[in-house]
**Student:** 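Right, I'll just put the structure down here and ask away after.
Note: hydrogens, waters and symmetry copies are ignored here, and every other heavy atom, side chains too, is used. Convention: sequence-line order gives letters A, B, ...; per-chain numbering from 1.
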Amino acid sequence: EPEVTQTPSHQVTQMGQEVILRCVPISNHLYFYWYRQILGQKVEFLVSFYNNEISEKSEIFDDQFSVERPDGSNFTLKIRSTKLEDSAMYFCASSGREWNNEQFFGPGTRLTVL
Amino acid sequence: RKEVEQDPGPFNVPEGATVAFNCTYSNSASQSFFWYRQDCRKEPKLLMSVYSSGNEDGRFTAQLNRASQYISLLIRDSKLSDSATYLCVVNTRGGNAGGTSYGKLTFGQGTILTVHP
């Protein structure tokens, strides 16, 4: 069964450093998303991406964040200068040919900012 | 009012019990509805989509009432493996990046279910 994959599973970084979180969505999916979940809190939407551009972003997704689909398979989230409050689980998701189809989530990257 | 609000729980039930979760959502523009389950420190996994006509998948039944903006999930004959956090999720089309949005999921805070022997 096709699945979304994410690397690394855990990333530890120093405050102020740049991190890149990587995702490989399901191969025939067209819509891509990043969500995050701070420990003990609910899952929050960050950004949606379709046709090589951002279609919506949340208030959390400020200028420190960017997304890219550098080739036909990878989808990346970059945080330019990490803050302590960026520590969270980051989930990538993808959905198929219709925007309101179910979204399937990757296993997440746990980001720890020290 | 929270965008998606669920029973706070936690629910602690014996094996074989029937348990019901309730959820309300505030955005009437929401267009699709789901229940996900999340195990501790894992990703949300789709349990089922929810339709206005109601739908059933084995021991799980989901209902949607658009007029009252209410979603429910019923689990019959609970198993130990049903222990998880159940997430009520709505998909809303918006758009704030200069183009049409292609949906974002808004999650409830989740309801913890523990099924004990």
**Student:** Evaluate the ring planes of B/Phe11 and B/Phe21, with Trp represented by its six-membered ring, and classify them as parallel (under 30°), tilted (30 to 60°) or perpendicular (over 60°).
**Tutor:**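 Ring orientation of B/Phe11 relative to B/Phe21: perpendicular.
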**Student:** Could you tell me if the side chain of B/Cys88 sits less than 4.5 Å from the side chain of B/Trp35, heavy atoms only?
**Tutor:**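 Yes, side chains in contact.
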**Student:** Ring centroids only, cut at 6.0 angstrom: are B/Tyr36 and A/Phe105 within range, meaning strictly under it?
**Tutor:**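 Yes, ring centres under 6.0 Å apart.
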**Student:** Report yes if some heavy atom in the side chain of A/Cys23 is under 4.5 Å from a heavy atom in the side chain of A/Val4; otherwise report no.
**Tutor:**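 When only atoms from C-beta onward are counted, A/Val4 and A/Cys23 do touch, with a gap below 4.5 Å.
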**Student:** Please determine, among A/Leu46, A/Val43, A/Val47, the option with the most heavy-atom pairs under 4.5 Å with chain B.
**Tutor:**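 Going by pairs under 4.5 Å, I would pick A/Val43.
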**Student:** Does any backbone or side-chain atom of B/Leu105 lie under 4.5 Å from a heavy atom of chain A? Answer side chain, backbone, both or neither.
**Tutor:**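 B/Leu105 touches chain A through backbone and side-chain heavy atoms alike.
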**Student:** Identify the residues of residues 106-114 of chain A whose heavy atoms come closer than 4.5 Å to a heavy atom of chain B, ordered by number, or report 'none'.
**Tutor:**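 Residues in range: A/Gly106, A/Pro107, A/Arg110.
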**Student:** Under the side chain to side chain contact (heavy atoms under 4.5 Å, CB included) test against B/Ser83, which residue among B/Asp39, B/Val115, B/Leu113 passes?
**Tutor:**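 Exactly one pass, corresponding to B/Val115.
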**Student:** Which pair of heavy atoms, one from A/Leu84 and one from A/Met15, lies closest together, and at what distance?
**Tutor:**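 In terms of heavy atoms, the two residues are closest at CG-SD, 3.8 Å.
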**Student:** Could you check whether any side-chain N or O of B/Gln109 sits under 3.5 Å from a backbone N or O of B/Gln6, counting only pairs where one atom can act as donor and the other as acceptor?
**Tutor:**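 Pair found, side chain donor or acceptor close to backbone of B/Gln6.
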**Student:** Check each atom of A/Tyr35 against the heavy atoms of chain B and say whether the ones under 4.5 Å are side chain, backbone, both or neither.
**Tutor:**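 When you check distances to chain B, only side chain atoms of A/Tyr35 fall under 4.5 Å.
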**Student:** Look at A/Glu44, A/Gln37, A/Gln41 and state which one has the largest set of heavy-atom pairs under 4.5 Å with chain B.
**Tutor:**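 Going by pairs under 4.5 Å, I would pick A/Gln37.
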